[in-house]
Amino acid sequence: MKAIEIENLSFSYTKDQEVLKQLNLEIELGSHVCIIGHNGSGKSTLAKLIIGLLEAKSGSIKVMENEVNEKNIHTIREKVGIVFQNPDNQFIGSTVRDDIAFGLENRRIPQEKMDDVIDEFSKKVGMFDFLDQEPSNLSGGQKQRVALAGVLAMNPDILILDEATAMLDPKGRKEILTLVSKMKGDNPNLTIISITHDIEEAYLASRVVVLSDGKIMFDGIPNEVFSHYEELLNIDLDIPFLVRLKRELKNKGIDLDDALNEEEVVRRLCQ
Amino acid sequence: MKNIALGRYVPYDSFLHRLDPRTKLLSLIALMIMIFFKFSSTAMNFFIYALLLIFIYVLMRISHIKLKTLFKSLKAMWVMILFLLIINVLMPSTGPYFDIFGFKLYHNAIYNTLYIVIRLVMMIALTMILTTSTKPLDLTYALEWLLHPLKYIKVPVHEISMIISLALRFIPTLLEETERIMKAQSSRGVDFEQGKLKDKIRAIVSLIIPLFISAIQRSEELANAMEARGYDPSGQRTRYRKMQWQMKDALSLVFIVLLFGGMITLLVTSFDFFLMMGFVL
Ligand SMILES: Nc1ncnc2c1ncn2[C@@H]1O[C@H](COP(=O)(O)OP(=O)(O)OP(=O)(O)O)[C@@H](O)[C@H]1O
Ligand SMILES: [Mg+2]
């Protein structure tokens, strides 16, 4: 069984502009895939199609063998959870506690069981001490952690992060990424699809898919995808600092291609 | 922007704060009705008002509202009180009057103005007590509970209460946004403080348009987030916040019912011990 199977998917909001063009994509259960692409390349559109917030024009999407359509929508929403970009606009409850409860209420979890679930997942994301806080007293990163808790509390098989770290400061971003890695460690069966502009984030995934103009441009392990340096620059994607650095150094005659991280590059440069 | 004090919940651990919101809502309604009772004599009216005022003052003490806070929110009413007095004075009336340079100032005119003023003060104080001691969201739940029977005549009570609670949730967010846009526009040279009317209107427009656009975008994203988390307005949901009747609610309601009953009895029997003692006002 595949987590996601997309076949010949096309979608457009308006007549004159096709956002996704005959897209094909398969995502394995339990994998961590990262989707990158320039602004307006259709990443969010793809995410919304997978979770059934938008309806495909043609082609098909299957989530764990369930066709995404009106009839299956409840099953789909049970299997897929999504964290969006804006921390404020997905905080629904009046307090952290109520926000995590929101999804549980929709799932008709009995009220007596909710507190246990809320405690468990708020602890997991480190927001247990903030349970009675209102969103206006929380930082963006904290709100995103609550959003993550709210989604995970519903026990999804597939977690989509649609630029969930894009509006955060570096510290908040790091916290979320660490948390996601930890979740993945706790539950290796969780399929993670992270959509991002942050190419450093892409290195956390085992597979990177580059979307450009509604089509898949590259698809492979991070190192391989980012070796297409010129092409990625041509579609306005930021290249990771490390890759760029190594490239520039190579042009100057210093070959550090096998260095794994910034520290190593620095160390070897200093030698 | 932040000091919209009237109607703000103030966290405190008082008896009134701990009461079930439904108790408070029901009591408020009962008291609001009592305020408008009119008894057989002026003396009796003032006597009952005095009792109610004392009761309301006690409630204010319990919920830790300072008289100063109440007076602050009454400040804007002076104009209205004056206006009421003038209207009442100009209305033809009967009974005893003061003769002020040939102008008849009826006692009734003064009493009627006083009635209205006292009622207004009591209404504002009561509302203030309720909103200070009850979280807006709890109030929404209480309201939903109260309006629950309307479901059977196809009033979307749940949807309305969800809309109210979302609005409450987003008020601080939108205020923050307003401040941010104001700062951004100020840095572009828009002056919100001074200038001619034309400039002022332009300044307001430069605030409202971006605010609107962002609010619409927010609502769309919010709807998406709610749907993605399985929200279905017409579907069955469980409830995390359960309201729980407690002993203190029962006692409070019994007290209010007794008070209400007492007042009704006085009203129906036209009981008036001022008259009985031969005291006429
Ligand atoms: N609700 C909408 N109505 C009409 N057009 C839309 C709508 N949402 C997105 N679009 C258009 O569809 C295209 C793809 O948008 P999408 O949001 O999927 O891009 P994205 O890859 O997520 O971009 P970003 O990186 O900025 O989030 C864009 O050209 C955008 O202008
Ligand atoms: Mg997007």
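Below, read A as the first sequence line, B as the second, and so on, with proteins coming before strands; counting in each chain starts at 1. Values reported hereafter were calculated over all heavy atoms of this structure, with side chains retained and with hydrogens, waters and symmetry mates removed.
- Taking a 6.0 Å sphere around CZ of B/R202, one finds it holds 12 or fewer heavy atoms contributed by other residues, nucleotides or ligands.
- Note that CG of A/L104 is 10.0 Å distant from CZ of B/R237, once rounded to the nearest 0.5 Å.
- The main-chain N or O of A/I109 is found under 3.5 Å from a side-chain atom of B/T238 such that the two form a donor-acceptor pair.
- Atom CZ of B/F55 is surrounded by more than 12 heavy atoms from other residues, nucleotides or ligands within 6.0 Å.
- Proximity to chain A is limited to the side chain of B/L137, based on heavy atoms less than 4.5 angstrom apart.
- Taking 4.0 Å as the cut-off between side-chain N and carboxylate O, A/D99 and B/R169 do not count as a salt-bridged pair.
- Considering only heavy-atom pairs separated by less than 4.5 Å from chain B, the leading option among A/L53, A/V151, A/I73 is A/L53.
- Counting heavy atoms from C-beta outward, B/Y231 and A/R77 have side chains that stay 4.5 Å or more apart.
- When heavy atoms are compared at a cutoff of 4.5 Å, A/P135 approaches chain B solely by way of its side chain, counted from C-beta outward.
- When all heavy atoms of A/N106 and B/G230 are compared, the pair lying nearest together is CB-O, 3.3 Å.
- Remark: B/M226 CE to A/N89 CG distance equals 12.5 Å, nearest 0.5 Å.
- Of the atoms belonging to A/I160, not a single heavy atom falls under 4.5 Å from chain B.
- Counting non-hydrogen atoms of neighbouring residues, nucleotides and ligands closer than 6.0 angstrom, the CZ atom of B/R61 reaches no more than 12 such neighbours.
- Ranked by heavy-atom pairs under 4.5 Å with chain A, the first of B/T173, B/N224, B/L222 is B/N224.
- Heavy atoms of A/I118 lying under 4.5 Å from chain B belong exclusively to its side chain.
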Self-check item: Chi angles and distances behind the side chain to side chain contact (heavy atoms under 4.5 Å, CB included) call for A/F84, B/E221
Solution: CA-CA 9 Å; A/F84 292 101; B/E221 285 181 21; 5.8 Å; no
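- Proximity to chain B (any heavy atom under 4.5 Å) is shown, for A/R107, by neither the backbone nor the side chain.
- Per-residue counts of heavy-atom pairs under 4.5 Å with chain B were compared for A/K48, A/R97, A/E134; the largest is that of A/R97.
- Looking only at distances, a side-chain donor or acceptor of A/E105 sits under 3.5 Å from a matching main-chain atom of B/Y240.
- Residue A/K113 qualifies as open at atom NZ: its count of foreign heavy atoms under 6.0 Å is 12 or below.
- For A/N86 (side chain) and B/R218 (main-chain N/O), no donor-acceptor pair under 3.5 Å exists by modelled atom type.
- Open room surrounds NZ on B/K183; 12 or fewer heavy atoms of other groups in view lie less than 6.0 Å from it.
- Closest heavy-atom contact between B/R239 and A/Q111: O-CG, 2.8 Å.
- The two residues B/A225 and A/Q90 come nearest to each other via the heavy atoms CB-CB, 3.7 Å.
- In the displayed structure, A/K182 atom NZ is contacted under 6.0 Å by more than 12 heavy atoms of other residues, nucleotides or ligands.
- Proximity to chain B (any heavy atom under 4.5 Å) is restricted, for A/T95, to the side chain, taken from C-beta onward.
- At most 12 heavy atoms of other shown residues, nucleotides or ligands fall within 6.0 angstrom of atom CD in B/E220.
- Annotation: B/E159, atom CD; neighbour count of heavy atoms from other residues, nucleotides and ligands within 6.0 Å is above 12.
- Interface residue A/I92: backbone and side-chain heavy atoms are both found under 4.5 Å from chain B.
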